S.K.: 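Sharing a structure below in structure tokens format, with a few things to ask.
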Amino acid sequence: MKKRAIHWFRSDLRLSDNTALHALEKDLHETAECVAVYVLSDPDEGKWASGAASKWWLYHSLTSLQEDLKELNVPLVILSGVASEVLSRFAQSIKADSLYYNCRYEPWASKQEQAVEKELEKIGVECASFHDGLLIEPANLLNKTGGPYKVFTPFWNACLAHFDRHGIALPKRKFGKSIKGIKFDTIDYSNKSFKQDLDDLHMIPRIKWYEGMQEFWQPGEEGARKRLLHFVNKSITKYDTGRDRPGDSDVSYISPHLHFGEISARQIWHRALEHDCKSARTYLREIGWRDFAHYLLHFFPETPDEPLQKTFESFPWRTDNGSLEKWQQGMTGYPIVDAGMRQLWHLGWMHNRVRMIVASFLAKDLLLPWQRGAEWFWDTLVDADLANNTLGWQWTAGCGADAAPFFRIFNPVLQGEKFDPDGEYVKTWVPELAKLDKKWIHKPFDTPPLELQMAGVVLGENYPKPIVDHSAARQRALQALKSTK
DNA sequence: GTGTCTTTATG
DNA sequence: ATAAAGACA
């Protein structure tokens with residue numbers, strides 16, 4: 001009897017080194033068939049359904065995947081709705097016997113997986129789930145007292161010890177190489193009512209704010225592979241110091257590819273270690289932060305909304321929509337902050353050093369709830385990832401997993417001068433300041449009038465005056481912290 | 001108990 | 001030079 005298996009693509013939009021997909025391939029007999037499906041499951045994801053920039057990426061990533069699968073004669077069927085319902089209907093209508101998928105680690109995803117398994121069991125479809133997206137499975141790693149780690153370095157040391165003992169699986173080749181004679185002509189998809197056309201799902205906005213993104217990114221597995229190769233060949237040996245300079249391009253730009261699973265963490269691990277240098281290990285440590293973020297989200301599923309440290313529940317955050325908007329628009333009057341926010345709008349991406357600076361500015365200088373910042377990032381980042389976004393924002397707000405003994409308040413001027421010493425980054429994204437000397441470019445509000453005039457800058461007219469005084473704002477933030485103790 | 005760690009800032 | 005704290009082995 002013919003077997004028909006479904007691979008349910010989720011955040012694993014690639015054909016190489018895909019754990020569930022390779023398990024499916026292995027289980028297929030020569031006469032068996034396989035079908036791929038993606039479910040746009042906004043109802044399951046609720047508040048954390050993909051934002052606008054992520055949807056743009058997803059559309060192109062799925063298009064790319066569809067083309068790659070076409071070469072193997074495997075259709076990628078797009079469904080939309082509650083996953084347990086649409087997958088159940090789909091499996092029934094094509095008479096599938098099994099469903100393969102890789103796990104996700106978001107709180108909504110575990111519920112989704114349970115619901116899918118329950119519905120499919122009812123109709124006799126066997127489900128097979130796999131761990132695939134992380135270097136380490138969260139449940140496999142606890143500290144000596146049996147609890148989850150809350151500090152990165154001990155976590156990462158324990159990971160490295162684990163990798164030493166068990167290794168990290170070598171990446172598997174591309175799916176489909178070993179399957180002969182697959183034919184899919186027994187199902188006519190053209191008249192199936194459940195089938196959605198990718199173009200009917202409103203993933204591409206009507207207003208073309210994505211042109212900058214389109215120029216810079218190539219969503220999909222091939223784009224991911226190219227990015228990584230370019231980084232490993234050009235920049236990885238400089239990463240140790242280069243990663244902190246947002247004006248240069250010595251970072252990997254791999255985050256959106258990694259979020260959508262167009263490349264696996266294992267592939268990155270092995271590729272990076274072809275250069276066994278300090279810089280490569282620093283880079284892999286950053287990949288470790290990604291694992292740590294997912295690990296924390298697994299053990300603390302309420303953290304996208306609530307602070308990890310309970311004392312912060314009484315923190316006196318302000319409400320100030322005017323300031324929030326100025327921050328979003330990149331009109332705070334602090335050049336490094338504004339440059340970051342404008343880069344985000346243009347590319348759907350921001351350099352990580354600058355993410356910390358703008359986040360510190362929102363939470364500490366403006367005293368606005370970190371959740372407001374996280375929501376803006378969620379909508380505008382192409383790499384928006386619930387685990388990474390949550391960890392990042394909580395870390396900067398001071399209520400998350402950070403081992404520092406002090407209340408971290410970034411000084412936007414010092415950060416700019418330290419990490420963008422020539423002002424290249426600011427000049428790129430805040431062109432109205434491009435003629436300012438690097439001595440002044442991070443602090444136009446302290447620049448002598450003559451210098452401003454020569455650079456054609458009129459504060460309050462073509463570049464904003466600062467919306468807060470950093471020194472005063474810093475004192476206010478320290479007072480706010482004190483009030484919670 | 002002791003040592004280590006921690007993407008900072010101000011004076 | 002000094003501020004300030006807790007997790008972890």
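Keep in mind it's a predicted model, so treat the numbers as computed, not measured.
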S.K.: Heavy atoms under 4.0 Å, any strand shown: does A/R355 hit a base, just sugar-phosphate, or nothing?
M.R.: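 Touches nothing.
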S.K.: Donor-acceptor pairs are to be reported for all side-chain atoms of residues 300-312 of chain A against protein atoms at under 3.5 Å, with residues two or more places apart or in another chain.
M.R.:
| from | atom 1 | to | atom 2 | distance (Å) |
| --- | --- | --- | --- | --- |
| A/T303 | OG1 | A/F300 | O | 2.7 |
| A/D305 | OD1 | A/K47 | NZ | 2.8 |
| A/Q309 | NE2 | A/G400 | O | 2.8 |

S.K.: Rounded to whole angstrom, note down the P distance from B/dC5 over to C/dA4.
M.R.: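 B/dC5 and C/dA4 have their P atoms separated by 22 Å.
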S.K.: The criterion is side-chain contact (heavy atoms from CB on, under 4.5 Å); which residues satisfy it with A/R10, sequence neighbours excluded?
M.R.: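 With sequence neighbours excluded, A/R10 shows a side-chain contact (heavy atoms from CB on, under 4.5 Å) to A/W8, A/D12, A/Y101, A/R104, A/A109, A/Q112, A/E113, given in chain and number order.
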S.K.: Ignoring hydrogens and angles, write down the donor-acceptor pairs under 3.5 Å from the side chains of residues 439-448 of chain A, residues two or more places apart or on other chains.
M.R.:
| from | atom 1 | to | atom 2 | distance (Å) |
| --- | --- | --- | --- | --- |
| A/H442 | NE2 | A/G416 | O | 3.1 |
| A/H442 | NE2 | A/D420 | O | 2.9 |
| A/K443 | NZ | A/E417 | OE2 | 3.4 |
| A/T447 | OG1 | A/K443 | O | 3.0 |
| A/T447 | OG1 | A/P444 | O | 3.3 |

S.K.: Could you check which of B/dT6, B/dT10, B/dT8 has an atom nearest any side-chain atom of A/F406?
M.R.: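 It is B/dT8.
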S.K.: Scan nucleotides 6-9 of chain C against the protein and return all N/O pairs shorter than 3.5 Å with their distances rounded to 0.1 Å.
M.R.:
| from | atom 1 | to | atom 2 | distance (Å) |
| --- | --- | --- | --- | --- |
| C/dC8 | OP1 | A/K150 | N | 2.6 |
| C/dC8 | OP2 | A/N143 | ND2 | 3.4 |
| C/dA9 | OP1 | A/Y149 | OH | 2.8 |
| C/dA9 | OP2 | A/K144 | N | 3.3 |

S.K.: Considering residues at least two apart in sequence or located in another chain, which fulfil the side-chain hydrogen bond (donor to acceptor under 3.5 Å, both in side chains) criterion with A/W349?
M.R.: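 side-chain hydrogen bond (donor to acceptor under 3.5 Å, both in side chains) list for A/W349, sorted by chain: A/S255.
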S.K.: So, are A/D383 and A/R355 salt-bridged, with charged N and O less than 4.0 Å apart?
M.R.: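 So A/D383 pairs with A/R355 through a salt bridge.
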S.K.: Just checking A/R353: base, sugar-phosphate only, or nothing, at a heavy-atom cut-off of under 4.0 Å?
M.R.: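 Here A/R353 touches the bases of the nucleic acid.
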S.K.: Quick one: list whatever passes side-chain hydrogen bond (donor to acceptor under 3.5 Å, both in side chains) with A/H346, sequence neighbours left out.
M.R.: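 In terms of side-chain hydrogen bond (donor to acceptor under 3.5 Å, both in side chains), with neighbours along the sequence ignored, A/H346 is linked to no residue.
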S.K.: Which residues satisfy the side-chain contact (heavy atoms from CB on, under 4.5 Å) test with A/K208, sequence neighbours excluded?
M.R.: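 For A/K208, the residues satisfying side-chain contact (heavy atoms from CB on, under 4.5 Å) (neighbours in sequence not counted) are A/Y210, A/E211.
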S.K.: NA contact type, A/N352, heavy-atom cut-off 4.0 Å: base, sugar-phosphate, or nothing?
M.R.: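 If one applies the 4.0 Å heavy-atom cut-off, A/N352 turns out to touch a base.
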S.K.: The criterion is side-chain contact (heavy atoms from CB on, under 4.5 Å); which residues satisfy it with A/H230, sequence neighbours excluded?
M.R.: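 Per chain and number, A/H230 pairs via side-chain contact (heavy atoms from CB on, under 4.5 Å) with A/K234.
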S.K.: With sequence neighbours left out, which residue pairs that include part of residues 401-424 of chain A fulfil the ring-ring contact (aromatic ring centres under 6.0 Å, His included) condition?
M.R.: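 Found none.
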S.K.: Could you write out DNA chain C as a dot-bracket string, with dots for unpaired bases, | for bases paired across to another strand, and Watson-Crick or G-U pairs counted at under 3.5 Å?
M.R.: |||.|||||
S.K.: Can you tell me the distance, in whole Å, between the CG atom of A/L478 and the P atom of B/dT10?
M.R.: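 Atom CG in A/L478 sits about 10 Å away from atom P in B/dT10.
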S.K.: Under 3.5 Å, is there a donor-acceptor pair between the side chain of A/R408 and the main chain of A/T396?
M.R.: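 Looks like no, no N/O pair under 3.5 Å.
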S.K.: Starting from P on C/dA5, measure out to CZ on A/F407 and report it in whole angstrom.
M.R.: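 Those two atoms, CZ and P, are 12 Å apart.
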S.K.: Not counting sequence neighbours, list each pair that qualifies as a salt bridge (charged side-chain N to carboxylate O under 4.0 Å, His left out) and has a residue in residues 242-251 of chain A.
M.R.: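 The answer is A/K238-A/D250, A/R243-A/E286, A/D244-A/R353.
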S.K.: Does anything in residues 286-295 of chain A reach DNA chain B, meaning a heavy atom under 4.0 Å, and if so which residues?
M.R.: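 A/E286, A/W289 - these, ordered by number, are the residues of the stretch whose heavy atoms sit under 4.0 Å from the strand.
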